[in-house]
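First up is the structure itself, then whatever we jot down about it.
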Amino acid sequence: MEPIGESMKAVLRTLYHSLSSYGLSCVLFLLLFVLTLLGTLEQINLGIFDVQKKYFASFFLIHELFGVIPIPLPGAYLVMALLAVNLTLGGIVRARKRPAQWGILIGHAGILLLLAGAAVQYNYSVSGNLTLYEGEQSNEFESYYEWELAVADASGRGPYTEYLIPGSRFMDIGSGGTRTFNHAALPFDIVLEGVYRNCIPRPAGQAGQAAGRRVDGFTLVGMTLEKQAERNAAGAYVRIQPKNGEAIEAILWGYSPFPLTVELDGKLWTFDLRKKRFQMPFTVALDTFTHEMHPGTQMPKKFESGVRKIENGIEQAVTISMNAPLRHRGYTLYQASWGPPDAKPGQRLFSVFAVVNSPADQWPLYATIVITAGLAVHFVRKLVVYLREQSKGGA
Amino acid sequence: MTVRHNVPILAAAAVAAFLASCGGEGPVAQISDTRTVESLPKAAAPDATSAQRFGFEQATARPSPAQGAPGAETVELPFTWTAPEGWQQAPERPMRVVTFTTGPNHEAECYIAILGSSGGSVAANINRWRTQMGQEPLTGQKVAALPVIDVLGQPSPWVELRGTFTNQAGEPAEDTLMLGLVCPVETFNIFVKMTGPADLTGAQRDKFLAFCKSLTWSRSANQ
């Protein structure tokens, strides 16, 4: 009987050869092509956000061919993870290290940096928007797509502790499901009994065929998902179950101007279903906003915001414009849009900034530089060898 | 390295990925995320009813924006209106004064919007609607020849367009009817626009025109 050690070595050797093989590279690139094709075509039915989640940010998916035939496929996240392993083992570890291969090795390293940047970006970056009127300031921005349920004791003047339930923990409940959330510091349980990704509250008598559960004279009517996912309005039925006392039923809706406010044991508790908020380590104050249109059109020619970046009591004046974002401590604020579009002369304007926080913000640039350097090394060497051979032949 | 060596690797990876994709939270879960803020983005509103929370009624006392959070600019409207019977007011939408829906499943929608001079001329907006309905733009002369009704004391052209409506997101809706009116007032244009399935919206034509004529300057506007 073969010693276990030798068997294990054989398995590892086979694994190593498989993971570093050229054949595996071909299969993975083919899968990426198929996923890109199917994901692009699926945008007829789904918005870009949902397509990205299903095809490119997943390990595994089921594609419905012609809308009927289910085909299981690996997601692009898994494919690119395998590609990174394949490129490392086959394109660098196993590759020949002769001077003739240096350019290729550098290029492969650049591609690995690009893949690593994509992984960091996907797992650790956040983005959203920040809207400020002239004269206002804030250190928070809102996600475009993600929701959260924030519960807070609003009694008193602050500071306030918010208990947060990210949407990733309840959006999967669906309209027929239920899930209970609790916290040792809260005197009640929060029971979500039906969650909609996109819905609108209607007076129960007006909901027609869509009439469902009625709470306080209203019902939530589920709507088809918007292709532009940021337009979806989440909603949920909630039952607040105090540890001692009767339950309170209500509807939460993402576009409510007011949070659900409940008095329990002499305290005011707010329940706010809202776009997920992120805090920045600095504050941005909008002092002035200016804009110009191309004459006779509504096409923006130029718009820019004069802001102050405030951090630890120190203020710095900065101009954010269409091609000149503010970059600070890993955050990038781009001038995205403005309003109101029907502003009267002298009316206060608001500026909308797109905010991105990504540790790998500049990695694609660095990767491109490395890949370019690798190609340059490779082709310059080829050129030199060719010219040398030509001169020998001519001599 | 042959295909038969790669297949078990890919199969194992696929199974692992499938298992990784499964699963979720159980029926009871702990809240684990907290944060401390100086002010709440939306202040408590203990007196707000469900109708007020969902935009069906104006709140009598609107909470002031929390410190450090963007505030809402309110513009006092100089006119009022009378909603036709069978129209339900819908929740507030950005860039609209008011929105109504009608129909068994609220398929038809009518809203009022106000745009300043940057929103374009009467002709430009009518032609924008025509483009949305897949129709050729009109010349200035033809725009001037459109039927008009009196709205807020101003002769206001209106259009009735039937076709495939393409919204701003590029999504088409076939056999749609659009009723649109532009009321030019000083440096502003007031738009009243209704869209919906052709038969349903066509039946609302008279109500649409009555709604437009019901716009009335409020007292404060006349002072």
Side-chain angles (χ1 to χ4, degrees), chain A residues 14 17-19 21 23-24 27 58-60 74 78 82 131-133 136-139 152 154 158-166 169 172 178-183 200-201 203 206 208-209 216-218 227-228 251 253 255-256 258-259 261 263 268 270 272 277 293 298 341-344 348, chain B residues 1-3 5-6 9-10 13-14 17-18 20-21 24-25 27-31 33-46 48-56 59 62-63 68-73 88 90-92 95 104-106 114-116 118-120 169 171 187-188:
Chain A
T14 304
H17 285 300
S18 294
L19 287 174
S21 72
L24 181 62
V27 169
S58 60
F59 277 84
F60 182 77
L78 172 65
L82 283 174
T131 301
L132 291 175
Y133 275 89
E136 288 182 339
Q137 63 184 41
S138 180
N139 67 339
Y160 305 94
T161 299
E162 288 188 314
Y163 300 86
L164 303 171
I165 309 173
R169 300 186 70 189
D172 63 312
T178 185
R179 187 170 294 148
T180 301
F181 292 90
N182 53 46
H183 190 283
I200 196 165
Q206 292 179 14
Q209 294 171 353
D216 195 21
F218 283 83
K227 278 200 182 168
Q228 289 182 275
I251 289 174
W253 189 51
Y255 283 166
S256 292
F258 312 104
T261 307
E263 186 169 344
L268 273 182
T270 58
D272 189 11
R277 298 178 73 87
M293 299 290 189
Q298 287 204 85
D342 56 342
K344 307 172 196 174
R348 251 190 349 158
Chain B
M1 190 52 54
T2 59
V3 170
H5 289 96
N6 283 323
I9 302 294
L10 289 173
F18 177 71
S21 301
E25 300 236 30
V28 181
Q30 286 271 320
I31 297 172
D33 298 326
T34 61
R35 68 172 196 170
T36 303
V37 293
E38 291 299 318
S39 61
L40 295 172
K42 293 179 198 167
T49 62
S50 291
Q52 289 163 348
R53 285 198 300 120
F54 304 145
F56 285 86
R62 200 176 183 90
E73 179 98 339
Q88 291 89 39
E92 284 183 21
M95 294 177 60
N105 294 308
H106 305 276
I114 304 175
L115 291 179
S118 62
E171 299 156 341
T187 57
F188 296 90

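Everything quoted here is computed from the prediction, not taken from an experiment. Both backbone and side-chain heavy atoms feed into the values below; hydrogens, waters and symmetry mates do not.
- Taking CZ of B/Arg35 as the reference point, atom CG of A/Leu164 lies at 6.0 Å (rounded to 0.5 Å).
- Ranked by heavy-atom pairs under 4.5 Å with chain A, the list B/Ile31, B/Asp33, B/Val28, B/Thr34 is led by B/Ile31.
- For A/Phe218, the part lying under 4.5 angstrom from a heavy atom of chain B is the side chain only.
- For a residue to count as touching a neighbouring chain, one of its non-hydrogen atoms must lie under 4.5 Å from one of that chain's; by this rule A/Glu162 touches chain B with backbone and side chain alike.
- With a 4.5 angstrom heavy-atom cutoff, A/Ile200 touches chain B only via side-chain atoms.
- The contact between B/Pro46 and chain A is made by backbone and side chain atoms together, counting heavy-atom distances below 4.5 Å.
- In this structure, chain B has heavy atoms under 4.5 Å from both the backbone and the side chain of A/Asn182.
- In this structure, B/Glu38 and A/Pro159 have side chains that are in contact, with non-hydrogen atoms separated by less than 4.5 Å.
- Not counting sequence neighbours, the partners of A/Asp216 by the side-chain hydrogen bond (donor to acceptor under 3.5 Å, both in side chains) test are B/Ser50.
- Nearest approach of B/Ala44 to A/Pro259, heavy atoms of both residues: CA-CG, 4.4 Å.
- In this view, A/Tyr255 and A/Trp147, A/Ala233, A/Trp253, A/Lys275 satisfy the side-chain contact (heavy atoms from CB on, under 4.5 Å) rule, not counting sequence neighbours.
- Interface remark: A/Thr161 contributes backbone and side-chain atoms alike to the contact with chain B (heavy atom separation under 4.5 Å).
- Taking OG1 from A/Thr180 and CD from B/Gln30, the interatomic distance works out to 11.5 Å, rounded to the nearest 0.5 Å.
- Remark: side-chain polar atoms of A/Ser256 are paired, donor with acceptor, to backbone N or O of B/Arg53 under 3.5 angstrom.
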